[in-house]
Amino acid sequence: MSLVETRDALAPFTRPLAWLGLRKSAMDLAVEPPLSPMAPVDLDDDGAVTDVLNLALEIGGILLSSGEGAADTVAQAESVAAAFGLPNATVEVTFTSLTIGVNRRRGRPPISVIRVVNYRTVDMTRVTRVARLIDLIVRRQLTVGQATAEVEKIVESPHPHSFRVAVFGWAMLGCAIVIQLGGTPLAGLISMVSTFALMYTNRLLDGKRLPTFFQQVVGGFMATAWALLAFVLMSDAFIEIRPSQLVAAGIIVLLAGLTLVGSIEDAITGFPVTSAGRGVETMILTGGVLGGITIALALFARLGLSPPPIDPAIQGDAAVHVAVLAAAVGAAGFAVASYATVRVTLLAACVGAMGMIIYQAVLAVEFDVVVGSALAACAMGLVGGIFARIATVPPLVVTIAGITPFLPGLSVYRGLSALTSDQTGIGLGLLFQALAIAVALAAGVVFGEWLTRNLRRSAAADQ
């Protein structure tokens, strides 16, 4: 079916979107034909061309370092260059660097600019501000000088809350994950304290420039040691504590928003080099977590203590309404940890709850967790994109928070634990299941966002 036929088939569903006044996102503007530039750029003027390329690259660098995918980063950087008179500029992403260049007339050498991106995290505040800036640029409301000044303000502007509040957001996520997996309120509180401690410690170690790998080792050790200690102490008081739930929450917190789903998303959208780089980073960071878990398990074994046996069949047994509430709290916690505003946090909570409802409905009809994750992610990409456009924020800041509670932390922990217990077959099976869930989440989000973008275009055409 062609794109036109697809739009026609979806036309009955687009009128409600038009009635809602669905707005374009910066990504919509980036993939549509650009408007006429504010002023033609003289390609023989090296200074003017370089200014435009530097501006586009600065914006692309902020997006890439703040968690945006490679495809969206390239499209938006090229749209900025096109808006200022360089529609033939091309951007190349190779995980840690961005390059933009433009060819000129015969006899004149091409001009290119490169920027290295060393720091990568999810920063929803910067992504939102840059998206609004791109919107103004593409609508020809800013000059190059004005846009450059705005970029400097975005880089220098403070976050909406302190890093302690952000760490509390991670603690909210850890607590919500344990509850979502069927843990007791006490287990959720223990996870909250543990997550706050390990993320605060990692923040201090990051300030000391300790490589991220060793931060993951420390985090994996703290999450596992705290879980095993709680199990030993609480079992004497006949209070049920499942260490696997606490460690799974720690793994999700340590790996959330870093590389796994993003790596797969880059591969799906046609950036294999960047995907490979992020995939290697995922392996290294996961290896750091494995090292921390192994050290904690070995230390407790030397002390004559051991956790209960791992049952790979158990995936979490929380009631549906509890799981939905926990997913909403977890998505909101990740949004807070990523410096989101109150409005974005509420949108993320709604998307997370909606995704969990669909996930539980799919499991109720006896599909497996991979299918449930894919359909839930697709719905979150679709609805999250709609909410984001209504609220004039980038879809990324809503959907990435929504899928965080679905990350396969429990499968990762059980797989790693099985590998360290000489259960290679079970361990590899669980790790492949975790990879399948990550692929399903990435594919679902990409497809859902594609549907949203085409629904918006169809709604605009009907108007």
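No experiment lies behind these values; they were computed from the predicted model shown. Side chains are part of it too, since the values below use all heavy atoms of this structure and drop only hydrogens, waters and symmetry mates.
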Rounded distance (nearest 0.5 Å) linking atom CD1 of Ile252 with atom CZ of Phe406
11.0 Å
Among all residues two or more places apart in sequence or in another chain, which pass the side chain to side chain contact (heavy atoms under 4.5 Å, CB included) test with Phe213?
Val217, Ile284
Taking only residues two or more places apart in sequence, or in another chain, which ones meet Val342 in a side chain to side chain contact (heavy atoms under 4.5 Å, CB included)?
Leu346
State, with a plain yes or no, whether a side-chain heavy atom of Thr125 is found less than 4.5 Å away from one of Val344.
no
Quick note, side chain to side chain donor-acceptor pair (under 3.5 Å) partners involving residues 348-371, not counting sequence neighbours, are none
Contacts of type ring-ring contact (aromatic ring centres under 6.0 Å, His included), residue Phe367, not counting sequence neighbours
none
Go through the side-chain N and O atoms of Ser97 and Thr94 and say whether any donor and acceptor fall under 3.5 Å apart.
yes
Report the residue from Tyr339, Phe334, Phe196 that forms a ring pair (Phe, Tyr, Trp, His ring centres under 6.0 Å) with Trp170.
Phe334
State which residues pass side chain to side chain donor-acceptor pair (under 3.5 Å) with His159; sequence neighbours excluded, sorted by chain then number.
Asp123
Contacts of Ser157 that satisfy side chain to side chain donor-acceptor pair (under 3.5 Å) - sequence neighbours left out
Arg129
Please list all pairs passing the salt bridge (charged side-chain N to carboxylate O under 4.0 Å, His left out) test where one or both residues lie in residues 150-162, with sequence neighbours left out.
Glu150-Lys153
Return the set of residues passing side chain to side chain contact (heavy atoms under 4.5 Å, CB included) with Val383 (not counting sequence neighbours), or none when no residue passes.
Met354, Phe387
Side chain to side chain donor-acceptor pair (under 3.5 Å) involving Thr201 - partner list, sequence neighbours excluded:
none
By side chain to side chain contact (heavy atoms under 4.5 Å, CB included), which residues pair with Ala267, not counting sequence neighbours?
Ser275
Residue set satisfying ring-ring contact (aromatic ring centres under 6.0 Å, His included) with Phe447, at least two apart, ordered chain then number -> Trp450
Identify, with sequence neighbours excluded, every residue that meets side chain to side chain donor-acceptor pair (under 3.5 Å) alongside Arg115.
Glu58
Less than 4.5 Å apart, any side-chain heavy atom of Phe163 and any of Val167?
yes
